[in-house]
**Student:** 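I'd like to ask you about the structure that follows.
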Amino acid sequence: MIRTHDAGTLRATHAGTTVTLAGWVARRRDHGGVIFVDLRDASGVVQVVFREEMATAHALRNEFCVQVTGEVGRRPEGNENPELATGEIEVTATELVVLSEAAPLPMPVDDQIDASDELRLKYRYLDLRRSGPGRAMRLRSRANQIARTILHERDFLEIETPTLTRSTPEGARDFLVPVRLQPGSWYALPQSPQLFKQLLMVAGMERYYQIARCYRDEDFRADRQPEFTQLDIEMSFVTQDDVIELGEAIVGALWKELADHEITTPIPRITWHDAMARYGSDKPDLRYGVELVELTDYLRGTEFRVFAGAIDAGGYVGAVVMPGGASQTRKELDGWQDWAKARGARGLAYVVLDAESGEARGPVAKNLSEAHLGGLADAVGAKPGDAIFFAASTDRREAQELLGAARVEIAKRAGLVDENVWAFCWVVDAPMFEPTEEGGWTAVHHPFTSPNAEWMERFEDAPDEALAYAYDIVCNGNEIGGGSLRIHRADVQRRVFDLLGITAEEASDKFGFLLEAFKYGPPPHAGIAFGWDRTCMLLAGADSIREVIAFPKTRGGFDPLTGAPTPITAQQRTEAGVDAKPKPAGPTAGTSGVAAPVEPS
RNA sequence: GGUCCUGUGGAGCAGUUGGAGUGCUCGCCGCCCUGUCAAGGCGGAGGUCGCGGGUUCAAGUCCCGUCAGGACCGCCA
């Protein structure tokens, strides 16, 4: 080692010790006759003092990489710095070696100053020298370790699965990789290891996990990157409760150690339907109340056409209350209309209750009968001074989701979110299917998700009502993990495919290898996958998953550091077989649509 | 694909109803300085105002287009 101690570990007990340190110049304070340098390494910062005889230190600049030898001493009386862990002492240098110099910095390596995202990503190696970003990396490493410890204690095997594979049917667009040895054929990068982990269950591994990189070619967000990580888990011979118990053990350990928060177990469970009815979301933020109230029956018979139209068509009318919302200006109330329109709704009807008289006012109030207005406050649980927002639609879920989004916005604007609270829940009993635009059905989770016991033998009777053994774990309104019991009976799988309109040929073409495996005694199995970036983001208190990824990409999928993606050369293009000519006919492939097979070129 | 915000020396920001010279803080370079910890003092260098077009006597400022970054919707478990 070219150093004897880590800078951040030095304490008063080291006084009198001669140490050699190595690290970076975090800051220098040059007084002419004496120079102070804050020396930073991964462990922290310590003040190094250069006296007159160490004149070479004048040439030091920020972020020079240096090796310093000197004696640890207590700082002179009154010069201690209680802000620093090493603030009681300093190192008086007797030797200085500049290991490497630093050019003028394109961005400050300083915890105080914030640079733009693009610049931070371009110089991510400088960004990560800062304590906040560096801490996020260390936290994530620790999170991995905690999860691995729990899983190994429980006899899980860490098994890697391919990243060059064929499409698995998660539903997102695949990233594709041309195959030089078979021009015209392509690998897909996995959207998740879903099918492989099920094969590992057939293989008798019984307990599998992997911190797995996944790839989805969709539009990106603050919490979505083209490549992301799942803590992926699958177990044989278990029930839903077993998976949930494991999930709670992992989450409990993570939050205990990394967020200093003891999660009360069992984590409350709410059914998907209750979550939609009460919170208008399948990932409800339970840090605050502001629950939805259904008014379909209460308002039955109303002459207000917006509501009557929805009710008569068998739809839904509901409301959500904004505490104190009556004090909003006309401009603010109009702002809600723009807010609603921005997410595709026609608008957001509202009534405000006068703070003194409790009288209902606002454009919608004129359209409601005396009787409806009279009991409204009680029906929705509103007080004088509150505002009531309404949504009505023939599509129950659509109206609930609008109110659910309004609920989140209300909490934000009314300051109801307590940032110090961690509110977890499991959302269980999710629906198996949802209707497609073409009048068919599609799997909400994925087509291998098992119907629950109640629906196992009759999900075809009412596909819109059938429930699955599927569960999501939600933290403060973020889905951090989800999973399901899988179908292991061939007959049930066949019936699900039938309902989804997947023929035997198509099924065999898309994932025949899994169906083939399921012929040979597949065990009952279930699993869960945690969105690891999102989980670490929450633990780090960050508001973007970019903060917990070492080298993230921008919204456009661009990496400002490497400049990826780049065009390829003509030679690469030819060798990769990107332009191989399609054959007129042949066996199909891919996850959907007709494949374009090729002639060898 | 849609809506919105941002783009001004290396960094972070200001720039009024369009009007004389684009200003501040940090950093950078030089000099001074023995107890600072966001050290201080003096001096200096550094800018196609993202890019293209238009309106105007005159555009950093107004309009159109475009590029880049960000937030959201659609999409995506």
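Note that this is a predicted model, so its numbers are computed, not measured. Here is the naming used below: chain letters follow the sequence lines, and residue numbers restart at 1 for every chain.
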**Student:** Whether A:Glu227 and A:Arg213 form a salt bridge (side-chain N of Lys/Arg under 4.0 Å from carboxylate O of Asp/Glu) is what I want to check.
**Tutor:** yes
**Student:** Who does B:A20 pair with, Watson-Crick or G-U, both distances under 3.5 Å?
**Tutor:** none
**Student:** What does B:A14 pair with, Watson-Crick or G-U, if both distances are under 3.5 Å?
**Tutor:** none
**Student:** Roughly how far apart, to the nearest Å, are B:A71 and B:U55 at atom P?
**Tutor:** 37 Å
**Student:** Under 4.0 Å between any heavy atoms, over every strand shown, what does A:Ala529 touch: base, sugar-phosphate, or nothing? Just pick one.
**Tutor:** nothing
**Student:** When you match A:Leu105 and A:Gln47 each to their closest nucleotide on RNA chain B, which lands nearer the 5' end?
**Tutor:** A:Leu105
**Student:** How long is the straight-line distance from CZ of A:Arg28 back to CG of A:Leu39, given to the nearest 0.5 Å?
**Tutor:** 14.5 Å
**Student:** For A:Phe558 and B:A68, what is the distance between atoms CZ and C1' respectively, to the nearest whole Å?
**Tutor:** 10 Å
**Student:** Any non-hydrogen side-chain atom of A:Glu90 less than 4.5 Å from a side-chain atom of A:Val48?
**Tutor:** no
**Student:** Between P on B:G1 and CZ on A:Phe220, what's the gap in Å once rounded to a whole number?
**Tutor:** 13 Å
**Student:** Given atom CZ of A:Arg27 and atom C1' of B:A38, what is their separation to the nearest angstrom?
**Tutor:** 5 Å
**Student:** Using a cut-off of 4.0 Å on non-hydrogen atoms, how would the nucleic acid contact of A:Glu401 be classed: base, sugar-phosphate, or nothing?
**Tutor:** nothing
**Student:** Expressed as a whole number of angstroms, how long is the span from A:Phe50:CZ to B:U34:P?
**Tutor:** 17 Å
**Student:** What's the closest nucleotide to the side chain of A:Asp282 if the choices are B:A77, B:A11, B:C37?
**Tutor:** B:A77
**Student:** Please give the distance between the C1' atoms of B:C76 and B:A38 as a whole number of Å.
**Tutor:** 44 Å
**Student:** Let's see if you can work this out: which of B:A11, B:C28, B:C72 has an atom nearest to the side-chain heavy atoms of A:Ala115?
**Tutor:** B:A11
**Student:** Does the pair A:Lys283/A:Glu479 count as a salt bridge with the N-to-O cut at 4.0 Å?
**Tutor:** no
**Student:** Under 4.0 Å between any heavy atoms, over every strand shown, what does A:Pro76 touch: base, sugar-phosphate, or nothing? Just pick one.
**Tutor:** base
**Student:** Hey, does A:Glu77 reach any base, or is it just sugar-phosphate, or nothing, if we go heavy atoms under 4.0 Å?
**Tutor:** nothing
**Student:** In the structure shown, which nucleotide is the Watson-Crick or G-U wobble counterpart of B:C4, with both distances under 3.5 Å?
**Tutor:** B:G70
**Student:** Test for a donor-acceptor pair under 3.5 Å between the base of B:C76 and the side chain of A:Asp219, counting only N and O atoms.
**Tutor:** no
**Student:** I'd like the P distance from B:C28 over to B:A11, given in whole Å.
**Tutor:** 14 Å
**Student:** Between the base of B:C29 and the side chain of A:Arg61, is there a donor and acceptor pair under 3.5 angstrom?
**Tutor:** no
**Student:** Between B:G74 and B:U3, how many Å separate the two P atoms, rounded to a whole number?
**Tutor:** 15 Å
**Student:** Using the P atom as the reference point in each nucleotide, state the distance between B:U48 and B:G10 in Å, no decimals.
**Tutor:** 8 Å
**Student:** Can you confirm whether A:Pro435 sits close enough to A:Trp441 that some side-chain heavy atom of one is under 4.5 Å from a side-chain heavy atom of the other?
**Tutor:** yes
**Student:** Could you please name the option among B:G70, B:A68, B:U36 that lies closest to any side-chain atom of A:Glu118?
**Tutor:** B:A68
**Student:** Given the C1' atoms of B:C51 and B:A59, what is the spacing between them in whole Å?
**Tutor:** 16 Å
**Student:** Rounding to the closest angstrom, what is the interatomic distance between B:U56 and B:C64 at atom C1'?
**Tutor:** 16 Å
**Student:** Which nucleotide, if any, forms a Watson-Crick or G-U wobble pair with B:G65, using both distances under 3.5 Å?
**Tutor:** B:C51
**Student:** Please verify the inter-ring angle class for A:His446 with A:Phe448; under 30° counts as parallel, over 60° as perpendicular, anything in between as tilted.
**Tutor:** tilted
**Student:** Which word best sums up how the rings of A:Phe175 and A:Tyr215 line up, parallel for under 30°, tilted for 30 to 60°, or perpendicular for over 60°?
**Tutor:** perpendicular
**Student:** So, is A:Arg546 near the phosphate of B:G70, with a side-chain N or O under 4.0 Å from OP1 or OP2?
**Tutor:** yes
**Student:** So, do A:His31 and B:A39 meet the stacking rule of ring centres under 5.5 Å and planes under 30°?
**Tutor:** yes
**Student:** Looking at A:Arg221, I'd like to know whether one of its side-chain N or O atoms comes within less than 4.0 Å of OP1 or OP2 on B:C73.
**Tutor:** yes
**Student:** Is any side-chain N or O of A:Thr554 closer than 4.0 Å to OP1 or OP2 of B:A68?
**Tutor:** no
**Student:** Between atom CG in A:Asp30 and atom P in B:C37, what is the gap in whole Å?
**Tutor:** 14 Å
**Student:** Mark yes or no for a side-chain to base donor-acceptor pair under 3.5 Å between A:Arg224 and B:C75, with no hydrogen or angle criteria applied.
**Tutor:** yes
**Student:** From CZ of A:Arg555 over to C1' of B:G7, roughly how many Å is that when rounded to an integer?
**Tutor:** 16 Å
**Student:** Nearest whole Å is fine: how far is B:A11 P from A:Leu119 CG?
**Tutor:** 6 Å
**Student:** Any side-chain N or O of A:Arg29 less than 4.0 Å from the OP1 or OP2 oxygen of B:A39?
**Tutor:** yes
**Student:** Could you check whether A:Arg27 pairs with A:Asp110 (Lys NZ or Arg NE/NH1/NH2 to Asp/Glu carboxylate O, under 4.0 Å)?
**Tutor:** yes
**Student:** Once you round it to whole Å, what is the distance between P of B:C13 and CE of A:Met107?
**Tutor:** 13 Å
**Student:** When rounded to the nearest Å, what value does the distance between C1' atoms of B:U22 and B:G15 take?
**Tutor:** 7 Å
**Student:** In the strands shown, is B:A39 matched to any nucleotide by a Watson-Crick or G-U wobble pair with both distances under 3.5 Å, and which?
**Tutor:** none
**Student:** At under 4.0 Å between heavy atoms, what does A:Ile35 touch on the DNA or RNA strands: base, sugar-phosphate, or nothing?
**Tutor:** nothing
**Student:** With a 4.0 Å cut-off on heavy atoms, is A:Glu83 in touch with a base, just the backbone sugar-phosphate, or nothing at all?
**Tutor:** nothing
